[in-house]
Structure formats: structure tokens, C-alpha cells
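Just follow the structure's listing: the first ligand is 1, and inside any ligand the first atom is 1.
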Amino acid sequence: MDKLHISGGIRLSGEVRASGAKNASLPILAAGLLADTPLTIGNVPHLHDVTTMIELLGRMGVGVTVGEGMHVEVNGGRLTTPIAPYELVKTMRASILVLGPLLARHGEALVSLPGGCAIGERPVNLHITGLEAMGAEIGVESGYIHAKAGRLKGARIVLDTVTVTGTENLMMAATLAEGRTVIENAAREPEVVDLAGCLNAMGAAVSGAGTDTIVIDGRERLGGCEYDVLPDRIETGTFLVAGAITGGRVRVRSTRPDHLDAVLAKLREAGATVETGPDWASVDMHGKRPVAVDIRTAPYPGFPTDMQAQFAALDSVADGVATIVETIFENRFMHMLELRRLGAELRIEGHTAVIQGVPRLSGAPVMATDLRASASLVLAGLVAEGVTDVQRIYHIDRGYECIEAKLRQLGASIRRIPGART
Ligand code: EPU
């Protein structure tokens, strides 16, 4: 397994370009199943999770062509086999995003039930009850969700908990249902809005995306279109923290700073000078040590759980004591224990971590446990004295495009050691 070898202590400086958003690309690729003509998607990042989704669509008989500059064409017209097999779903939970489109378009879906997950229980009950409210018959057989329906019927669905992929699945299913569907307590994440934008360009009638009530008027059919995925706000935030944690100055271009309000506010609170333009954001830490910042994760527009681990790294070297409360996932603190191996002083009480910042971390071998945990360890490695080897970085390849090349562009000393044993 590859590992990342980092020599820390270099103040980062320079500019990088944000890639397209993973968490928008995945539902938009799945939306290709709804159309009877090809959907061409631009700005798709080159990531393992994207490759997994493309493979999943291919297994269903859907033609997928990957073109220049990560343009992906999905030809849902050829859908033959509405099955998402265990071997793919177990590597990527977002595979559940094919359930709604398959059911709406094909009348049947057999999707492996996602199993355990490193960051929490992550059930899919709200995806299932929402589809049942639209008339689907759903059972679980031999580890698979087996869903059947004639034409789905519009319904009023009140989600118990704000769920991102749950909202996306139901929104996609509703585009081909008969009549009006109203999703209450819907997720407001920019990725949900991006998916709605793509669905509307395909001929759907979705309104209210970005608020907690989404209204979908079902259509007889959807066709393909050309659509560019929005920039990755979490990747952007991660590079900005890389600048801040090293006392440096980093600018991320081709991004959407308006999707990062909560993150930019915390960077300012940490002492960085933050500037933004229409499609860029920058931090300048002027060589200073960050000030500790408290974090409480929440659904958008609150502070994203996908940035919690990166701020834990920042708080590890900050001046002061920080409290981090994780409210979305029950087990998203695995990085904390690895940060301790680098010298971080922290304690965990349930869903709260209390971090006493230390002036310096020291490099050590550490193990990545999930995608954002890996990012946190890379960030800590960038500021730690000496060498940090981050092992099991297949997690980071799921969600960060060319992370080591982009960090090198900012002056970091980081390289991938291929095939190293962990
Ligand atoms: N939940 C339920 N029942 C459901 C669905 C969710 O109880 O049927 C609970 C979850 O257990 C969790 C909460 O609701 O406690 C929120 O989970 P959500 O469904 O919103 O998460 P998700 O849709 O599975 C997406 C992102 C995650 C991101 C979360 C929260 C994608 C592909 N994944 O997951 O991204 O952390 O929303 O913002 O969009 C990542 O990129 O590293 C990542 C994990």
C-alpha cells in the first residue's frame, strides 16, 4: 500500500486550483441513470470514488465514456441490470445514490445494504422510508435492498434527520414520479443544489434546493444535458488550513468562497487574514501560530463535519484550548488518537474533544482511518518537526485529487512512496 512521506516544518506559500466536488460528482453521475439520452458532466475530479461510481454504472450496462479534462458521458439509455453489487457498495457507501434513480427509471433495484463504516453507523432508513412513501415496496434479502415500484407517486416526506445523500436520492426519484413531491427538513448543502441544477437542466422541475423544503414536480422523462460540477469546498478548505497551520499564505482559485462561510469565519478567528474574490479564497497567517478555535459541526450552512478533522490538526498546534463537538457522526474522532502519536495533547469525552494546543508536533508514522482523517494527518505532518509517514492513504485517494502534487506546488516536502508495506 502506498504511503505519504512528509518532511514537516515548511511554511506553505502559493496558489492551487480546486478540483470539482466529489460529493456533487457522485450524485450527478447517478443522475445519469434517470435520462434516456447521454448526460455529459464536466469538472469531474479524478478520484477513486468517482472511478467506483463509473464502474458501478458500467456494471448496470450503462455506457460511460471518460473524455479529455475529466468530462464523463453517462448514457443511461442503455441500462440493463439494476444491481449495485456488494463488492462495490462495500468500498463506497455513496453507491446507495443509485437506488432512487434505478427505482424511478427501471421500476426495480437491487442495491447491497452498506455495511459498517469507520465514522459511524450511517443507516439508510430515511432513504428507504422516503421511497416507500412514494409507493415503493422495499425489503431486505440476503444483504440486499430489493425495491420495486410501478411509477412512483409524489408524496410529502418529512425527514427525521437532515441527510445529504438521503435528500439527493429522494429528489432524484421524485423527478420521474407522478405528481408533486415535497421534501421537508431537506439538506441544504451546495452539492444538493448542484444536483438540482443538473436535474433541471435534464428537464426536471425541482425548486427550493438550498432551503429546507424542496418541491419536485414529476416528469414523464428526462434527457441528457451538459453540466459542470461545482468546485470542492472541502478540498478548498483543506488547502486553506494547510496554509494556516504552517503559518503560510495560500490562495485557492477556481472555487466558491460563498460555500465556505463557516470555515472562513473559523480561519479568521484563528488569526488568519482571509480574503476572497468571486472564485478564489486566500489565507495569510503572517508566520504566526494559530489561535485555538472551538468547533461544533452542523448541517450546512453550519460548520461541516468534513472539515472537523482538519481543524483538529490546526487546534493541535494552536495557542490555547479548543473544544471540538462532532454532532453528525458518532465515531469521527479516529484521527485524534493518531494526532496524539505526533504529540498532540487532547482528551475525548463522548462526542467532544478538548485539545490543548502545543507549540510543536514531532513527526511519526501514523495510520489513516478514513478520508478526512487522512487529510488531518497530512496537515499535522506538514507542521510537525521531522518526518511523518501517513500510511493507508488509499483513503485520501478516494477524495483528494493529486493531493501531494498540489501540496508540492505550495512548497511542501511530500512524496508518495508506492507499494510500501504498512
Ligand atoms: N442518517 C440516518 N438515516 C439515514 C441517513 C442518515 O440516521 O437514512 C444519519 C447519519 O447516520 C448521520 C446523519 O444522518 O448521523 C447525517 O448523515 P448524511 O446522510 O447526511 O450523510 P451522507 O449523506 O451519508 C454525506 C457526504 C459525507 C458527509 C455527510 C455529512 C456524500 C457522498 N457524502 O454523507 O461526506 O460527511 O454527508 O455532511 O455526499 C466525505 O466526503 O468524507 C464524507 C463522509
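- A donor-acceptor pair is defined here as one N or O able to donate and one able to accept, closer than 3.5 Å; such a pair exists between the side chain of Glu338 and the backbone of Met367.
- Formation of a donor-acceptor pair under 3.5 Å by the Asp294 side chain with backbone atoms of Ile324 is not found in this model.
- Of all atoms in ligand 1, listed by their number and element, those nearer than 4.0 Å to a heavy atom of His127 are 8 (O).
- At a heavy-atom cutoff of 4.0 Å, ligand 1 is contacted by the side chain of Phe329 but not by its backbone.
- Few gaps surround CZ on Arg416; more than 12 heavy atoms of other groups in view lie less than 6.0 Å from it.
- Of all protein heavy atoms, the one lying nearest to atom 36 (O) of ligand 1 is Asp306 OD1, 2.6 Å.
- In this structure, Lys22 counts as a contact residue of ligand 1, since one of its heavy atoms falls inside 4.0 Å of the ligand.
- Among protein heavy atoms, the minimum distance from atom 20 (O) of ligand 1 is reached at Val164 N, 2.8 Å.
- Heavy-atom neighbours of Arg180 CZ from other residues, nucleotides or ligands within 6.0 Å: at or below the threshold of 12.
- Between the side chain of Thr211 and the backbone N or O of Thr213, at least one donor-acceptor pair lies under 3.5 Å.
- One side chain, Thr238 or Tyr400, offers a donor N or O that lies under 3.5 Å from an acceptor on the other.
- If you number the atoms of ligand 1 from 1 as listed, the ones under 4.0 Å from a heavy atom of Ile328 come out as 12 (C), 15 (O), 16 (C).
- Close contacts between ligand 1 and Thr305 involve ligand atoms 30 (C), 36 (O), 38 (O) [criterion: under 4.0 Å to a heavy atom].
- Shortest contact from atom 44 (C) of ligand 1 to any protein heavy atom: Arg332 NH2, 3.4 Å.
- In this structure, Asp315 contributes its side chain and Val293 its backbone to a donor-acceptor pair below 3.5 Å.
- Using a 4.0 Å cut-off to heavy atoms of Ala94, the atoms of ligand 1 that qualify are 32 (C).
- Selection from Met53, Arg93, Glu168, Arg122 by nearest heavy atom to atom 24 (O) of ligand 1 gives Arg122.
- Ring centroids of Tyr144 and Tyr86 are separated by 6.0 Å or more, keeping the two rings apart.
- In this structure a side-chain-to-backbone donor-acceptor pair under 3.5 Å is missing from Thr297 to Thr305.
- Atom 8 (O) of ligand 1 has its closest protein heavy atom at Leu126 N, 2.7 Å.
- Atom NE2 of His146 has more than 12 heavy atoms from other residues, nucleotides or ligands within 6.0 Å.
- Taking atom 9 (C) of ligand 1 as the reference point, the nearest protein heavy-atom neighbour is Thr161 CG2, 4.2 Å.
- For the pair Val162 and ligand 1, a heavy-atom separation below 4.0 Å is found.
- Here the protein heavy atom with the shortest distance to atom 7 (O) of ligand 1 is Pro123 CG, 3.4 Å.
- Nearest protein heavy-atom contact of atom 3 (N) of ligand 1 is Asn125 OD1, 2.7 Å.
- In the model, His395 has no side-chain atom that pairs as donor or acceptor with a side-chain atom of Asp370 under 3.5 Å.
- The distance from ligand 1 to the heavy atoms of Thr165 drops below 4.0 Å at these ligand atoms: 22 (P), 23 (O), 24 (O), 31 (C), 32 (C), 39 (O).
- Heavy-atom proximity to atom 41 (O) of ligand 1, evaluated over Met307, Glu189, Arg372, is greatest for Arg372.
- The single protein non-hydrogen atom nearest to atom 26 (C) of ligand 1 is Asn23 ND2, 3.6 Å, given as residue, atom name and distance.
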